Amino acid sequence: KNCGVESGAYIGKNVKLGKSVYIGANSVIHDNTTIGDYSWIGPGVKINNNTLIGSRAIIHSGVVIGADGFGFAPNEDGSYKKIPQTGNVILHDNCEVGAATTIDRATLGSTIIEEGVKLDNQIQVAHNCTIGAHTVIAAQTGIAGSTTIGSRCMIGGQVGFAGHLKIADGVKIAAQSGVTTSIKEP
């Protein structure tokens with residue numbers, strides 16, 4: 001009801017749009033995706049299969065949600081075999097995702113962005129990550145797979161996270177930091 005879809009947008013099968021959702025020009029919303037009430041999807045956004053987006057989300061231009069994660073297993077001959085990425089992305093209510101940010105779907109299960117998270121431009125969120133409620137992350141941060149970031153964290157620009165880390169609630173990380181171990185206390 002009261003949705004706006006601009007020219008060149010593609011909406012796949014079994015897509016559910018809430019009230020007053022806006023889909024920008026040339027955006028692609030793939031099959032089995034749900035977008036909650038009053039969400040705004042900017043021009044040129046790509047949202048892949050089975051993504052769940054809550055209400056009042058703002059997704060800026062050029063964002064990719066649900067791309068394959070970087071999953072490869074080495075073969076004996078030194079080549080790599082692609083690991084199927086069959087999970088999805090869940091973006092809760094009141095989130096904002098900056099331009100040209102990528103949020104990869106999970107290998108299995110879900111990559112989860114909790115309520116009120118604010119992501120700046122050009123951020124990489126890898127497969128199976130969880131970002132806790134009301135965390136803010138500045139531009140050009142890269143978060144490797146299966147990392148969990150707590151709630152109410154403040155992360156500066158160009159921070160790099162190694163994979164499989166756990167970051168406690170309330171942690172503040174300065175710009176251009178490299179985080180290679182879990183952080184247990186704020």
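Note that the structure is predicted; figures quoted are calculated from it, not measured.
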Spacing of [atom1] belonging to [X] relative to [atom2] belonging to [Y], to within rounding of 0.5 Å:
{"X": "Ile123", "Y": "Ile155", "atom1": "CD1", "atom2": "CD1", "result": "8.5 Å"}
{"X": "Asp31", "Y": "Ile11", "atom1": "CG", "atom2": "CD1", "result": "11.5 Å"}
{"X": "Thr135", "Y": "Met154", "atom1": "OG1", "atom2": "CE", "result": "10.0 Å"}
{"X": "Ile58", "Y": "Ile53", "atom1": "CD1", "atom2": "CD1", "result": "12.5 Å"}
{"X": "Asn32", "Y": "Lys16", "atom1": "CG", "atom2": "NZ", "result": "8.0 Å"}
{"X": "Ile103", "Y": "Ile90", "atom1": "CD1", "atom2": "CD1", "result": "12.0 Å"}

In terms of hydrophobic clusters joined by side-chain contacts under 4.5 Å, are [X] and [Y] together?
{"X": "Val45", "Y": "Leu17", "result": "yes"}
{"X": "Phe70", "Y": "Val64", "result": "no"}
{"X": "Val28", "Y": "Val63", "result": "no"}
{"X": "Ile143", "Y": "Val171", "result": "yes"}

TODO: Return each pair, listed once, that meets salt bridge (charged side-chain N to carboxylate O under 4.0 Å, His left out) where at least one residue sits in residues 38-61; pairs must be two or more places apart or across chains.
DONE: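 Sorted pair list: Arg56-Asp93.
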Task: Pairs meeting criterion salt bridge (charged side-chain N to carboxylate O under 4.0 Å, His left out) with involvement of residues 112-137, two or more places apart - done: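 Output for this query is empty, none listed.
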Task: Partner set under ring pair (Phe, Tyr, Trp, His ring centres under 6.0 Å) for Tyr22, not counting sequence neighbours - done: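 With sequence neighbours excluded, Tyr22 shows a ring pair (Phe, Tyr, Trp, His ring centres under 6.0 Å) to Trp40, given in chain and number order.
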- [ ] Could you point out which residue of Asp37, Ile35, Val21 forms a side-chain contact (heavy atoms from CB on, under 4.5 Å) with Ser55?
- [x]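 When Asp37, Ile35, Val21 are each tested with Ser55, the side-chain contact (heavy atoms from CB on, under 4.5 Å) holds only for Asp37.
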Task: Inter- and intrachain pairs under ring-ring contact (aromatic ring centres under 6.0 Å, His included), touching residues 118-166, at least two apart - done: none
TODO: Please assess Gln124 against Asp104 for the test side chain to side chain contact (heavy atoms under 4.5 Å, CB included), listing each intermediate value before the final yes or no.
DONE: CA-CA 8 Å; Gln124 164 63 30; Asp104 291 343; 2.9 Å; yes
Task: Pair listing, side chain to side chain donor-acceptor pair (under 3.5 Å) test, anchored in residues 172-185, at least two apart - done: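 Output for this query lists Gln158-Gln176.
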TODO: Any side chain to side chain donor-acceptor pair (under 3.5 Å) involving residues 75-86? Give me the pairs, sequence neighbours left out, ordered by first then second residue.
DONE: Asp68-Lys82, Asn75-Ser79, Asp77-Ser79, Gln85-Thr107
TODO: Assess whether side chain to side chain donor-acceptor pair (under 3.5 Å) is satisfied between Asn88 and Thr51, documenting all intermediate values.
DONE: CA-CA 6 Å; Asn88 73 337; Thr51 298; over 6 Å; no
Task: Thr33 side chain reached by Ile65 side chain, heavy atoms, under 4.5 Å - done: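 No, their side chains stay 4.5 Å or more apart.
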Task: Validation row: Asn26, Pro43 side chains within 4.5 angstrom (heavy atoms) - done: no
- [ ] Give a yes or no answer on whether the side chain of Ser110 reaches the backbone of Gly87 with a donor-acceptor pair at less than 3.5 Å.
- [x] no
